[in-house]
Amino acid sequence: GEQVEQLPSILRVQEGSSASINCTYENSASNYFPWYKQEPGENPKLIIDIRSNMERKQTQGLIVLLDKKAKRFSLHITDTQPGDSAMYFCAASANSGTYQRFGTGTKLQVVP
Amino acid sequence: NAGVIQTPRHKVTGKGQEATLWCEPISGHSAVFWYRQTIVQGLEFLTYFRNQAPIDDSGMPKERFSAQMPNQSHSTLKIQSTQPQDSAVYLCASSTTGGMNAEQFFGPGTRLTVL
């Protein structure tokens with residue numbers, strides 16, 4: 001079990017509201033959880049990550065939560081702006097030598 | 001630092017032709033990854049090199065796809081007898097450490113179109 005599930009696949013929110021993306025993983029040895037943002041026509045770029053020794057991390061309007069018991073982690077974007085519209089990918093990896101597994105992506109649309 | 005370089009940015013091939021995609025990782029990065037991105041399948045892992053050695057190619061379609069990393073400054077992904085379903089954006093990424101628990105830096109991708 002190495003899959004990373006990501007939901008929703010499409011998320012449409014009003015400008016100024018918050019957006020939440022959820023991911024679950026199967027490998028209990030996973031200990032690194034990055035989030036990547038891919039703007040249209042661009043390559044994915046890391047925006048925030050969390051390691052298993054933390055339950056919460058916040059930076060510049062982004063919050064990530066990690067629930068190791070439930071094997072679940074989430075990204076919360078507060079006060080969304082049009083510039084937040086993009087594809088977002090979660091990922092999970094472990095020290096055991098396996099590659100970083102990516103979720104299927106969430107297309108976030110922030111509408112005025 | 002130019003970031004990860006991928007060439008060509010766009011490639012159009014006819015069905016049955018060969019396509020070779022190039023990736024130059026960030027200098028000093030020891031791990032190189034190849035992914036394929038489509039709207040339907042999302043971001044699919046293909047293969048992974050660490051210190052030029054192939055570590056995991058479990059995502060590679062076995063029959064027509066091959067990847068090499070002859071030196072630390074470039075990797076190639078070769079697709080033989082291309083098919084329309086190979087049309088996708090092929091992304092290369094590199095990472096500083098062994099690659100598992102570190103940020104991956106993605107290149108701009110090569111958009112392959114097979115007619």
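Chain letters run A, B, ... following the sequence lines, proteins first, then strands; residues in each count from 1. Keep in mind the model is a prediction, meaning the values are calculated, not measured.
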task = Could you tell me which residues in residues 105-115 of chain B have at least one non-hydrogen atom under 4.5 Å from a non-hydrogen atom of chain A, sorted by residue number?
result = Phe106(B), Gly107(B), Pro108(B)
message = Other residues, nucleotides and ligands only: do more than 12 of their heavy atoms fall within 6.0 Å of NZ on Lys15(B)?
response = no
inquiry  = Are Leu7(A) and Leu11(A) linked, directly or through intermediate hydrophobic residues, by side-chain heavy-atom contacts shorter than 4.5 Å (ILVMFWY only)?
reply    = no
request  = Indicate, with yes or no, if Ile63(A) and Ile50(A) share a hydrophobic cluster defined by side-chain heavy-atom contacts under 4.5 Å among Ile, Leu, Val, Met, Phe, Trp and Tyr.
outcome  = no
query = So, do Gln37(B) and Phe89(A) sit near enough that their side-chain heavy atoms are less than 4.5 Å apart?
reply = yes
message = Hydrophobic clustering (ILVMFWY, side-chain heavy atoms < 4.5 Å, transitive) - are Leu65(A) and Ile47(A) grouped together?
response = no
ask   = Considering only heavy atoms, which portion of Pro44(A) lies under 4.5 Å from any heavy atom of chain B: side chain, backbone, both, or neither?
value = both
inquiry  = If you compare all heavy atoms of Gln100(A) against all heavy atoms of Tyr35(B), which two are closest, and at what distance to 0.1 Å?
reply    = O-OH, 4.2 Å
query = Phe33(A) versus chain B, heavy atoms under 4.5 Å apart: side chain, backbone, both or neither?
reply = neither
request  = Can you establish whether the number of heavy atoms outside Gln52(B) located under 6.0 Å from its atom CD is more than 12?
outcome  = yes
inquiry  = Counting only heavy atoms from other residues, nucleotides and ligands, does the tally under 6.0 Å from CD of Glu44(B) exceed 12?
reply    = yes
query = For Gln104(B), does its backbone N or O pair with a side-chain atom of Tyr36(A) as donor and acceptor, under 3.5 Å?
reply = yes
Atom pair CG (Leu43(B)) and CD (Gln38(A)), whose distance is rounded to the nearest 0.5 Å = 7.5 Å
Neighbour count above 12 (heavy atom, 6.0 Å) for Glu63(B) CD = no
key: Shared hydrophobic cluster for Leu75(A) and Val13(A) (ILVMFWY, side-chain gaps under 4.5 Å)   = yes
ask   = Do Tyr25(A) and Met54(A) share a hydrophobic cluster, counting only Ile, Leu, Val, Met, Phe, Trp and Tyr and linking them when any side-chain heavy atoms are less than 4.5 Å apart?
value = yes
